[in-house]
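Reminder, nothing fancy here: chain letters follow the sequence lines and each chain counts from 1. Small disclaimer: the values here were computed from a predicted structure and weren't measured.
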Number of protein chains: 2
Amino acid sequence: MREFGGECCDMRGLLGFLILFLLSKKPMHGQEIANELAKRRGEKPSPGTIYPALKSLKDLGFLSEEKEGKTITYGLSPKGEKALEIAKKRFTRTFLGIIT
Amino acid sequence: MREFGGECCDMRGLLGFLILFLLSKKPMHGQEIANELAKRRGEKPSPGTIYPALKSLKDLGFLSEEKEGKTITYGLSPKGEKALEIAKKRFTRTFLGIIT
DNA sequence: CAGATCATATTGGATGTCCGATATATATAA
DNA sequence: TTATATATATCGGACATCCAATATGATCTG
């Protein structure tokens with residue numbers, strides 16, 4: 001049970017969900033997202049984590065992107081917003097009562 | 001990204017955490033825990049999921065148990081309560097703002 | 001134009017998570 | 001006693017997650 005062995009409570013499986021949530025607050029590019037996740041998690045996700053995650057979300061049609069020079073600013077597509085709402089409901093039902 | 005492919009938002013990596021939380025509310029045996037998880041998740045975890053998870057938590061010294069016939073009622077040990085508090089803090093910091 | 005820096009991207013692999021199938025033990029029913 | 005149901009337990013393996021290392025491309029500075 002990895003989440004209590006010292007690296008308690010990582011976000012296994014919920015990374016995409018967290019990214020969608022963060023992007024719903026404010027459009028960001030990859031590094032900004034990584035930094036924002038670092039604040040929450042305590043550790044900055046590696047490039048090999050963040051970019052494949054973004055690619056997956058993009059492939060699912062959940063992201064809008066705007067390229068400007070070397071940076072790509074991501075936001076939520078309408079499909080992404082819808083997916084986030086559904087995911088939020090499930091997340092809330094599953095973890096209800098834990099956050100007090 | 002499995003959590004949006006149709007089986008959105010499973011609890012990957014947070015199963016042990018959820019079990020500790022449930023047991024902090026009320027001591028339960030394996031099947032009760034599985035049923036309680038079913039309510040939250042929508043799907044009942046299989047025996048191959050729930051019992052290894054309980055074993056891990058037990059091996060970590062987080063559970064107290066009381067055997068009575070064929071059922072084993074689990075509760076939290078002092079060590080388990082402490083671990084839950086720490087895990088709750090991390091969870092809250094990570095997912096703050098998502099549950100509205 | 002080099003050289004440095006930053007953002008993005010890919011890939012290989014170690015590890016973790018969870019399920020299905022199966023097995024054991026206890027209790028209940030016929 | 002035999003059959004059935006329920007709770008617990010284990011094992012093998014499919015799949016997912018995430019990181020480290022590395023590579024690509026753009027921007028800036030000397």
Closest contact, heavy atoms only, B:Ile98 versus A:Lys88: O-CE, 3.7 Å
Heavy-atom closest contact (B:Leu14 atom, A:Phe95 atom, distance): CD1-CZ, 3.6 Å
[X] has an atom [atom1]; how far is it from atom [atom2] of [N], in whole Å?
X	N	atom1	atom2	value
A:Ile33	D:dC18	CD1	P	15 Å
B:Gln31	D:dA5	CD	C1'	12 Å
B:Phe17	C:dG16	CZ	C1'	18 Å
A:Ile19	D:dT17	CD1	P	12 Å
B:His29	C:dT26	NE2	P	16 Å
B:Leu18	C:dC18	CG	C1'	14 Å
B:Lys44	C:dC18	NZ	P	17 Å
B:Lys55	C:dT17	NZ	P	15 Å

Heavy-atom nearest nucleotide on DNA chain C taken for B:Gly48 and for A:Thr71; more 5' hit belongs to A:Thr71
Protein-nucleotides 22-30 of chain D N/O pairs under 3.5 Å:
none

Side-chain donor-acceptor distances from residues 66-81 of chain B under 3.5 Å, at least two apart:
from: B:Thr71; atom 1: OG1; to: B:Glu68; atom 2: O; distance (Å): 3.3
from: B:Ser77; atom 1: OG; to: B:Gly61; atom 2: O; distance (Å): 2.6
from: B:Ser77; atom 1: OG; to: B:Phe62; atom 2: O; distance (Å): 3.2
from: B:Ser77; atom 1: OG; to: B:Lys79; atom 2: N; distance (Å): 3.4
from: B:Ser77; atom 1: OG; to: B:Gly80; atom 2: N; distance (Å): 3.0
from: B:Lys79; atom 1: NZ; to: B:Leu60; atom 2: O; distance (Å): 3.2

Out of [options], which nucleotide sits closest to the side chain of [X]?
X	options	value
A:Pro52	C:dT10, D:dA7, D:dT10	C:dT10
B:Tyr51	D:dT10, C:dG20, C:dA7	D:dT10
A:Ile72	C:dA9, C:dG20, D:dT8	C:dA9

Any residue meeting side chain to side chain donor-acceptor pair (under 3.5 Å) with A:Lys89, in chain and number order, not counting sequence neighbours: none
Can you tell me how far CD1 of A:Ile19 sits from CZ of A:Phe17, rounded to the nearest 0.5 angstrom? 12.0 Å
With a 4.0 Å cut-off on N to O distance, would you call B:Lys39 and B:Glu36 a salt bridge? yes
Using a 4.0 Å heavy-atom cut-off, does A:Ile50 contact any base of the nucleic acid, only the sugar-phosphate backbone, or nothing at all? nothing
Between the main-chain N or O of B:His29 and the side-chain N or O of B:Glu32, is there a donor-acceptor pair closer than 3.5 Å? yes
